[in-house]
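Note that the coordinates shown come from a computational prediction; the quantities given were computed from them, not determined experimentally. Throughout, protein chains are lettered first and strands after them, A, B, ... in sequence-line order, and every chain is numbered starting at 1.
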Amino acid sequence: MPELPEVETVKRGLHRLIINRKVAAVSSDYPKGFPNAAADVEQFLIGACITNVRRRAKVLLIDLSSGYSLVVHLKMTGQLVFVDNKSRFGAGHPNGSLIGALPDKSTRVTLSFADGSHLYFNDQRKFGWVKLIPTVEIPNIDFMKRVGPEPLEADFTPLQFRERFTRRARSSIKAALLDQSVIAGVGNIYADEALWGAKIHPSRLVNTITEAEFEQLYIEVRFVMNLSIEKGGSTNRNYVNAEGKKGSYMDFARVFRREGLTCSRCDTKVVKLRVAGRGTHICPFCQQI
DNA sequence: CACTTGACCTGTCCGC
DNA sequence: TGCGGACAGGTCAAGT
């Protein structure tokens, strides 16, 4: 599911909702997605307080007073929803969460806080995971060692952006955009949206992209990500924020999931094709090979 | 190394 | 209404 804007939205919600809460109990019957030794859970999670919530790429980092952190990847369908001690629903909806009462059949991990509130990790497809790791060890995780720079950081320049792609010179620009070791946080939605913005066909090889096109792509990646954060992310199917609410970026999407509808620049119909093994949406007039 | 493809899962949608 | 197949926001381990 979530790409950088969705994970950032969840991060901001959790930052507001769970800091300083004390973990009283944890339950999970899904060792594959919660592969933590019972002794570590007992020693470093139970009784610890949440001290911070951070994000790196599409990974959430929930820091604990024990010196450990919960490292969470939502993958395609993961959700982290906080429910207060007055209901079984996410806090964001007057009549309860948009995803129904929790826990439900997709609940993989439940954190119970000392004040009676809960944090649920739901994941329909079971690709996601929650790992308890010493906070200082996080930079040593293979993924963290490989992952590229954060594209929304103020000091990230167009030149750095372009130079990151040299390692993928002979792959399609879409495959390179999706490669987390090139740039952090871009996924299928924002790759399509940014390539439309820059008028670049997703199948174009990296080594055919001009400097001017890279410059425009840099601008568009940052534009669509910032806009999406402002809109609370994209709810294509499953995504909800920390309160169980949907994001509205899809109302502003220019090509993603808009096949058969017209391009806002030229009135040509958006088409769907397959690039880099992923469903891909383009305007065939604006984005030519 | 760089690059592509299949696998991991459950659920939904579409055509027959 | 049922059934098979394709497909879904991501990432890895294999393969070439």
Side-chain angles (χ1 to χ4, degrees), chain A residues 1-11 29-35 55-60 71-80 99-100 104-109 121-131 141-148 164-195 202-208 221 224-225 228-229 231-241 246-253 255-260 272-281:
Chain A
M1 95 182 203
E3 306 179 30
L4 186 155
E6 289 74 34
V7 180
E8 177 65 21
T9 301
V10 172
K11 184 212 84 178
D29 58 356
Y30 183 50
K32 206 164 176 182
F34 191 76
R55 178 191 62 76
R56 175 75 170 101
K58 301 172 190 172
V59 177
L60 274 162
V71 181
V72 183
H73 204 307
L74 302 172
K75 291 290 181 83
M76 300 282 261
T77 56
Q79 306 168 326
L80 273 176
I99 61 169
D104 64 20
K105 64 179 176 179
S106 292
T107 301
R108 311 297 174 202
V109 183
F121 174 67
N122 269 30
D123 186 17
Q124 180 183 100
R125 291 177 72 181
K126 298 184 173 178
F127 292 167
W129 40 258
V130 179
K131 294 175 184 170
I141 300 170
D142 283 347
F143 177 88
M144 292 298 179
K145 286 193 285 193
R146 279 200 321 269
V147 70
R164 294 298 298 172
F165 285 85
T166 54
R167 64 175 66 194
R168 299 292 308 246
R170 294 174 53 75
S171 69
S172 67
I173 185 67
K174 176 151 179 179
L177 269 174
L178 294 174
D179 182 342
Q180 298 299 293
S181 74
V182 175
I183 303 293
V186 181
N188 206 36
I189 298 175
Y190 305 107
D192 283 5
E193 291 287 290
L195 287 166
S203 295
R204 292 262 311 279
L205 296 188
V206 167
N207 61 13
T208 71
V221 165
V224 296
M225 296 250 193
S228 185
I229 291 170
K231 302 302 177 188
S234 298
T235 296
N236 183 14
R237 304 174 101 84
N238 298 280
Y239 167 74
V240 293
N241 67 15
K246 300 181 177 188
S248 68
Y249 178 86
M250 291 300 283
D251 295 341
F252 302 85
V255 285
F256 191 79
R257 296 258 303 185
R258 287 179 55 80
E259 57 270 35
K272 185 173 180 181
L273 44 146
R274 205 145 190 96
V275 178
R278 312 294 300 275
T280 299
H281 311 75

Task: Nearest-angstrom distance from the residue atom NZ of A/Lys231 to P of C/dG9 - done: 23 Å

Could you write out each protein N or O paired with an N or O of nucleotides 11-13 of chain B at a distance under 3.5 Å?
from, atom 1, to, atom 2, distance (Å)
B/dG11, O4', A/Gln124, OE1, 3.3

Task: For atom CD1 of A/Ile229 and atom P of C/dG9, their distance in whole Å - done: 19 Å

Task: Which atom of A/Gly148 lies closest to which atom of A/Arg56, heavy atoms considered - done: O-NH2, 2.9 Å

Task: Side-chain heavy-atom pair A/Ser228, A/Ser234 within 4.5 angstrom cut-off - done: yes

Distances for protein N or O near nucleotides 5-8 of chain B N or O, under 3.5 Å:
from, atom 1, to, atom 2, distance (Å)
B/dC8, O3', A/Lys32, NZ, 3.1

Open item on the list: A side-chain contact here means heavy atoms from C-beta on lying under 4.5 Å apart; do A/Arg257 and A/Ile189 qualify?
Closed with: no

- [ ] Can you tell me the distance, in whole Å, between the CG atom of A/Asn188 and the C1' atom of C/dC7?
- [x] 12 Å

Task: salt bridge (Lys or Arg N to Asp or Glu O under 4.0 Å) involving A/Lys174 - partner list, sequence neighbours excluded - done: A/Asp192

TODO: Please work out if A/Asn236 contacts a base, only the sugar-phosphate, or nothing of the nucleic acid, heavy-atom cut-off 4.0 Å.
DONE: base

- [ ] Tell me which of A/Lys58 and A/Arg274 sits closer to the 5' end of DNA chain C, going by the nucleotide each one is nearest to.
- [x] A/Arg274

TODO: Using atom NZ of A/Lys131 as one end and atom P of C/dT11 as the other, report the distance to the nearest whole Å.
DONE: 12 Å

Open item on the list: Just the rounded figure in Å: distance from P of C/dT11 to CE of A/Met76.
Closed with: 10 Å

Task: A/Asp179: which of A/Arg167, A/Arg164, A/Arg168, A/Arg146 passes salt bridge (charged side-chain N to carboxylate O under 4.0 Å, His left out) - done: A/Arg168

Task: Flag side-chain contact, heavy atom, 4.5 Å: A/Leu4 against A/Ile229 - done: yes

Task: Phosphate contact (C/dA8 OP1 or OP2) by A/Lys272 side-chain N/O below 4.0 Å - done: yes

Task: Spacing of A/Arg108 atom CZ relative to B/dC9 atom P, expressed in whole Å - done: 11 Å

Open item on the list: Between A/Pro2 and A/Lys58, is there a side-chain heavy-atom distance shorter than 4.5 Å?
Closed with: no

TODO: Find the distance between OG1 (A/Thr77) and CG (A/Asp123) and round it off to the nearest 0.5 Å.
DONE: 4.0 Å

Open item on the list: So A/Tyr249, base contact, sugar-phosphate only, or nothing? Heavy-atom distance under 4.0 Å.
Closed with: nothing

Give me, pair by pair, the N or O atoms of the protein and of nucleotides 12-16 of chain C that are less than 3.5 Å apart, along with how far apart they are.
from, atom 1, to, atom 2, distance (Å)
C/dC12, OP2, A/Arg146, NH2, 2.7

Task: Whole-angstrom distance between B/dC9 and C/dC3, as gauged at atom P - done: 24 Å

Open item on the list: What is the distance, to the nearest angstrom, from the CZ atom on A/Arg170 to the P atom on B/dT4?
Closed with: 10 Å

Open item on the list: Could you tell me how far B/dG6 sits from C/dA6 if I compare only their P atoms? Round to whole Å.
Closed with: 12 Å

Task: Side chains of A/Arg170 and A/Leu205 in contact at under 4.5 Å (non-hydrogen atoms) - done: no

Open item on the list: So if I take every side-chain heavy atom of A/His73 and compare against B/dC3, C/dG9, C/dT11, which nucleotide ends up nearest?
Closed with: C/dT11

- [ ] Please list, chain by chain and in numerical order, all residues satisfying ring pair (Phe, Tyr, Trp, His ring centres under 6.0 Å) with A/Phe121, sequence neighbours excluded.
- [x] none

Open item on the list: For a quick test of reading the model: is some side-chain N or O of A/Arg278 closer than 4.0 Å to OP1 or OP2 of C/dC7?
Closed with: no

Task: A/Glu3 versus A/Tyr239, side-chain donor and acceptor atoms under 3.5 Å - done: no

- [ ] Remember a base hit wins even if backbone is also touched, and classify A/Gly128 as base, sugar-phosphate or nothing at under 4.0 Å, heavy atoms.
- [x] nothing

Task: C/dT11 versus B/dT12 - spacing of their C1' atoms, nearest Å - done: 23 Å

Open item on the list: Would you say that A/Pro202 contacts A/His281 through its side chain, given a criterion of any heavy-atom pair below 4.5 Å between the two side chains?
Closed with: no

Task: Length of the line joining A/Gln180:CD and C/dG9:P, which is rounded to integer Å - done: 14 Å

Open item on the list: Just to be sure I follow the notation: if a pair is Watson-Crick (purine N1 to pyrimidine N3 plus N6-O4 or O6-N4) or a G-U wobble (N1-O2 and O6-N3), each under 3.5 Å, what dot-bracket string does DNA chain B give, with | for pairs to another strand?
Closed with: .|||||||.|||||||

Open item on the list: Is the shortest side-chain heavy-atom distance between A/Phe127 and A/His73 below 4.5 Å?
Closed with: no

TODO: Let me know which of A/Lys105, A/Gln79, A/Arg108 forms a side chain to side chain contact (heavy atoms under 4.5 Å, CB included) with A/Asn122.
DONE: A/Gln79

TODO: State, yes or no, whether a side-chain contact exists between A/Leu177 and A/Tyr190 at a heavy-atom distance under 4.5 Å.
DONE: no

